[in-house]
Amino acid sequence: MVMRGEVTVNSSEPRILVLAAFPAECDAVLSHTTLDPDPVVVCGRRYFYLGAIGGRKVIVAMTGIGLVNAANATEAAFARFNCIGAVVFSGVAGGGSRPMIGDVAIPAQWTLDGGTTFRPVDAGMLETAQTLSVALDNTKLRRQPRLVVGGDGASSDNNNGTAFPAIPFGGSVFGCRPRRAPNRSPFYTGNFVEAIGPWLARGLIGNVRLAQQNPAFDAMDMETAAAQAVADAHGVPFLGIRGISDGQGDPLHLPGFPITFFYYKRIAADNAARTVAKFLRNWH
């Protein structure tokens with residue numbers, strides 16, 4: 001047994017690190033999580049939640065938005081815990097030519113450089129994903145969403161190498177903590193103090209540009225490939241699971257991103273988390 005602050009972690013029992021970027025995504029994951037009796041581990045102002053999903057021991061963490069936050073949070077998890085046996089990223093994404101809004105994309109490989117190079121996900125995890133049958137939520141969709149397994153995913157952001165700052169009282173997208181956090185405090189400010197200055201100086205202008213859809217990629221987000229690079233460096237299996245929040249198949253014909261993102265983010269995050277829960281029950 002290894003003492004981790006106030007929490008005892010059994011280092012002989014692997015746990016799966018389940019990551020999500022912003023509060024709504026993490027809340028969707030936590031809704032499927034049975035928390036341990038003493039679930040909270042704090043490390044360098046980062047919060048990790050110990051529990052189980054689908055009978056599998058997990059560590060749930062919110063990374064924050066963007067490539068830098070995703071990489072830093074994943075690396076912090078590996079530095080804090082020596083029992084991580086796999087990494088799964090759960091969240092929302094823009095969709096390409098195949099998936100539609102509400103679908104869940106599970107790409108076979110991810111790129112950080114627009115498609116010049118790719119990193120494949122774990123073959124065994126992808127094989128399990130191909131066998132899944134998940135009851136996905138179809139609220140607002142007027143169609144039954146589906147799993148789209150295989151293909152390519154891409155991660156990028158417009159933050160110019162800076163960490164996107166979490167915003168105190170920033171709600172379900174820009175906030176500092178998931179609402180379902182067992183010890184949530186309205187006074188927690190996340191990385192706001194240290195990140196706001198560099199981001200205003202080098203990242204704000206870049207974020208004026210809206211995300212561009214690319215039909216070559218089934219899922220486009222701002223975190224998955226950065227987390228995968230860290231998992232690969234540690235020799236740990238990785239899989240990215242993304243619910244589609246904007247792209248094709250909008251039954252309301254809204255103006256597009258970011259309107260569709262804010263309207264469909266909850267169902268997309270929930271469908272991704274449902275898929276993660278089913279995956280963890282089936283993957284051995």
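In this structure, CG on L254 lies 7.0 Å from OG1 on T260, to the nearest 0.5 angstrom. In this structure, R45 CZ and C176 SG are separated by 8.5 Å, a value rounded to the nearest 0.5 Å. The CG atom of D246 sits 12.0 Å away from atom NZ of K265, with the distance rounded to the nearest 0.5 Å. The structure places CD1 of I16 at 11.0 Å from CD1 of I84, a figure rounded to the nearest 0.5 Å. Expressed to the nearest 0.5 Å, how far CZ of F78 lies from CD1 of I59 amounts to 9.0 Å. Atoms CZ and OH, on F257 and Y264 in that order, are 15.0 Å from each other to the nearest 0.5 Å.
Counting all heavy atoms, side chain and backbone alike, L126 lies closest to P107 at CD1-O, 4.1 Å. Between I196 and P165, the shortest heavy-atom contact is CD1-CG, 3.9 Å. Closest approach of G161 and V68 over heavy atoms only: O-CG2, 3.6 Å. Looking at every heavy atom in both residues, A227 comes nearest to L19 through CB-CD1, 4.0 Å. Among all heavy-atom pairs drawn from V29 and A273, the shortest one is N-CB, 3.8 Å. When all heavy atoms of P99 and I244 are compared, the pair lying nearest together is CB-CG1, 3.8 Å.
Salt-bridge formation is detected for the pair K57/D36: a Lys NZ or Arg NE/NH1/NH2 atom is positioned less than 4.0 Å from an Asp or Glu carboxylate oxygen. Remark: E75 does not engage R46 in a salt bridge, criterion side-chain N to carboxylate O under 4.0 Å.
Annotation for I205: atom CD1 does not count as buried by contact number, only 12 or fewer foreign heavy atoms lying within 6.0 Å. Annotation: R266, atom CZ; neighbour count of heavy atoms from other residues, nucleotides and ligands within 6.0 Å does not exceed 12.
Side-chain contact check for V104 versus V134: every heavy-atom pair is 4.5 Å or farther apart. Taking the side chain as every heavy atom from C-beta outward, L141 and I101 approach each other to under 4.5 Å. The shortest side-chain heavy-atom distance between S172 and D27 does not fall under the 4.5 Å cut-off. Residues N183 and Y47 meet the side-chain proximity criterion, which asks for heavy atoms closer than 4.5 Å. Looking only at side-chain heavy atoms (C-beta outward), L239 and F279 come within less than 4.5 Å of each other. V173 places a side-chain heavy atom less than 4.5 Å from the side chain of F261.
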Derivation of the salt bridge (Lys or Arg N to Asp or Glu O under 4.0 Å) call for R274 and D270: CA-CA 6 Å; R274 289 185 185 202; D270 181 61; 2.8 Å; yes
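Checked options R180, R177, R184, M62; the residue passing with P23 is M62 (criterion: side-chain contact (heavy atoms from CB on, under 4.5 Å)). Among R143, R242, Q144, R98, the single residue meeting the side-chain hydrogen bond (donor to acceptor under 3.5 Å, both in side chains) criterion with D103 is R143. Applying the side-chain contact (heavy atoms from CB on, under 4.5 Å) test between E223 and each of L67, I65, N69 identifies I65 as the sole match.
Under the 4.5 angstrom side-chain criterion for Ile, Leu, Val, Met, Phe, Trp and Tyr, the cluster partners of F118 are F217, M220.
Residues T162 and N160 have side chains that never bring a donor and an acceptor to within less than 3.5 angstrom of each other.
Cation-pi geometry between R80 and F48 is not met at under 6.0 angstrom from the ring centre and within 45 degrees of the axis.
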